[in-house]
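Some notes on the structure that comes next.
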Protein chains: 2
Amino acid sequence: MTEQGSLLDDLKARGTRITPQRAIIIEAIETLSGHITAEQIFAAVQQVNAYISLATVYRTLDLLKELGLIIESNMGGPTSHYALHDHSTHHHAVCRMCRHTIELPSDLFKPIADQLQTRYGFMADDNHLVVFGWCKGCAERAFSGGSTCQSA
Amino acid sequence: MTEQGSLLDDLKARGTRITPQRAIIIEAIETLSGHITAEQIFAAVQQVNAYISLATVYRTLDLLKELGLIIESNMGGPTSHYALHDHSTHHHAVCRMCRHTIELPSDLFKPIADQLQTRYGFMADDNHLVVFGWCKGCAERAFSGGSTCQSA
DNA sequence: TTATCTGCAAACGATTTGCGGCAGC
DNA sequence: GCTGCCGCAAATCGTTTGCAGATAA
């Protein structure tokens with residue numbers, strides 16, 4: 001589906017080498033195709049070639065990030081999540097309590113993005129925005145009775 | 001200005017002890033009154049009492065976070081930033097390239113927050129949202145000529 | 001009193017880096 | 001063959017934690 005050739009081409013155009021490791025890592029990112037951690041990518045890559053190191057995964061992620069081909073986002077935890085930049089556009093609402101994530105359509109933020117562009121000249125990333133807050137269940141629990149959450 | 005008594009009261013109401021360390025840390029957060037890192041708080045606290053440890057700062061931040069009195073947000077770097085939850089409401093636009101931050105009025109996101117509430121029952125935090133993207137300068141540089149940024 | 005808090009220092013997990021050898025172009 | 005890349009392992013950095021003594025209530 002997604003033409004991973006373009007990613008490799010982008011790398012080549014930038015003057016970087018296409019190594020088997022990079023091809024494998026890129027393919028893993030495309031196959032997993034979600035918001036994934038470096039560890040998850042590493043695990044997938046290892047199934048293809050067990051001799052690829054985690055350091056290489058991180059270095060490749062840096063490279064792709066720099067090229068704008070992938071997006072790094074923080075979901076509230078200590079680990080970064082990565083996703084293809086052109087992966088089906090959507091945003092996230094993350095519950096501060098139970099960490100549950102809701103996917104939001106990207107058009108929800110269109111008006112905001114337009115305003116940022118017009119008023120500040122800021123070109124907002126149209127993808128993988130993260131909004132924190134409280135999901136229905138946790139909000140009810142927190143603002144009525146106790147402040148505990150079942151899945152905290 | 002801001003009544004720091006209320007923070008201490010909140011702590012007391014929760015059954016936690018009011019220690020000098022906590023009072024100092026809370027005061028530091030209120031005095032710095034922005035989006036500050038644990039290290040910054042630690043530095044400020046040290047000027048009042050050099051024997052307060054960084055661990056205590058983190059533990060107090062956890063406590064305040066759990067109580068919802070402060071908000072932890074990630075500005076794209078490796079360090080967390082903290083702010084009083086009721087600190088003058090605003091959001092942030094952070095440039096992925098030069099890390100420059102623009103402060104945005106909170107009402108910009110009001111319509112979005114309303115929609116999240118209506119459509120998903122999600123109560124979005126009305127404060128300290130972080131939008132990533134590219135500032136005017138970096139966007140021009142990146143999408144016309146080279147992909148380097150002066151302050152990267 | 002006594003349960004909670006503190007300081008210390010060591011542990012921790014995610015990420016980065018120095019280095020010698022290897023390999024894409 | 002040259003330059004950039006890789007694997008390894010150690011370093012780093014922010015943050016967390018175990019423990020024994022101190023202290024607010």
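Letters go in sequence order (proteins before strands), and every chain restarts at 1. Model, not experiment: these values are computed from the prediction.
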How sharply is the helix from C:dT1-D:dA25 to C:dC25-D:dG1 bent, taking the axes over five pairs at either end and rounding to 10 degrees?
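One end axis against the other gives 40°.
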
As a quick check of understanding, evaluate side-chain contact (heavy atoms from CB on, under 4.5 Å) for B:Val130 and A:Val130, giving each step before the final call.
CA-CA 7 Å; B:Val130 180; A:Val130 180; over 6 Å; no

Please confirm whether the backbone N or O of B:Phe132 pairs with a side-chain atom of A:Asp125, one donor and one acceptor, at under 3.5 Å?
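Judged by distance alone, no pair lies under 3.5 Å.
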
Integer-rounded Å distance: [N] [atom2] and [X] [atom1]:
| X | N | atom1 | atom2 | result |
| --- | --- | --- | --- | --- |
| B:Arg22 | D:dA24 | CZ | P | 12 Å |
| A:Ile18 | D:dG4 | CD1 | P | 15 Å |
| B:Ile24 | D:dA24 | CD1 | P | 12 Å |

Go through the structure and list residues passing salt bridge (charged side-chain N to carboxylate O under 4.0 Å, His left out) with A:Arg59, not counting sequence neighbours.
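None.
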
Partners meeting salt bridge (charged side-chain N to carboxylate O under 4.0 Å, His left out) with A:Arg22 (sequence neighbours left out)
none

Ignoring hydrogens and angles, write down the donor-acceptor pairs under 3.5 Å from the side chains of residues 67-74 of chain B, residues two or more places apart or on other chains.
from    : atom 1 : to      : atom 2 : distance (Å)
B:Glu72 : OE1    : B:Lys65 : NZ     : 2.7
B:Glu72 : OE2    : B:Ser80 : OG     : 2.6
B:Asn74 : OD1    : B:Gly76 : N      : 2.8
B:Asn74 : ND2    : B:Gly77 : O      : 3.4

Contacts of A:Ser53 meeting side chain to side chain donor-acceptor pair (under 3.5 Å) (sequence neighbours excluded), chain-then-number -> A:Thr56

With A:Thr101, which residues qualify under side chain to side chain donor-acceptor pair (under 3.5 Å), at least two apart?
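Listed in chain order: nothing, the list is empty.
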
For a quick test of reading the model, state the closest non-hydrogen atom pair linking A:Glu30 to A:Ser33 and the distance between them.
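A:Glu30 and A:Ser33 have their closest heavy atoms at O-CB, 3.1 Å.
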
5'-most to 3'-most nt of DNA chain C touching chain A (<4.0 Å, heavy-atom partner on protein side) reads C:dA14 to C:dC25

Under 4.5 Å side-chain linkage, directly or through intermediates, the cluster mates of B:Tyr51
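Taking Ile, Leu, Val, Met, Phe, Trp and Tyr as members, B:Tyr51 stands alone, with no cluster partners.
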
Which hydrophobic side chains are connected to B:Val131, either touching it within the sub-4.5 Å cutoff or through other members that do?
A:Ile102, A:Leu104, A:Leu108, A:Phe109, A:Ile112, A:Leu116, A:Tyr120, A:Phe122, A:Leu129, A:Val131, B:Ile102, B:Leu104, B:Leu108, B:Phe109, B:Ile112, B:Leu116, B:Tyr120, B:Phe122, B:Leu129

Which residues within residues 40-47 of chain A lie with some heavy atom under 4.0 Å of an atom in DNA chain C?
none

Does A:His91 form a side-chain contact (heavy atoms from CB on, under 4.5 Å) with A:Glu103? I'd like the steps, not just the answer.
CA-CA 6 Å; A:His91 302 284; A:Glu103 300 225 333; over 6 Å; no

Among all residues two or more places apart in sequence or in another chain, which pass the side chain to side chain contact (heavy atoms under 4.5 Å, CB included) test with B:Glu39?
B:Thr37, B:Phe42, B:Leu54

Position toward the 5' end of DNA chain D (nearest nucleotide), B:Pro20 or B:Ser80
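This one resolves to B:Ser80.
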
What does A:Thr37 touch in the nucleic acid at a heavy-atom separation under 4.0 angstrom: a base, only the sugar-phosphate, or nothing?
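A:Thr37: no heavy atom of the nucleic acid under 4.0 Å.
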
So, do A:His35 and A:His90 have ring centers that fall under 6.0 Å from each other?
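Distance test on ring centres: under 6.0 Å, yes.
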
Using a strict heavy-atom distance below 4.0 Å, which residues from residues 51-62 of chain B are in contact with DNA chain D?
B:Leu54, B:Ala55, B:Tyr58, B:Arg59

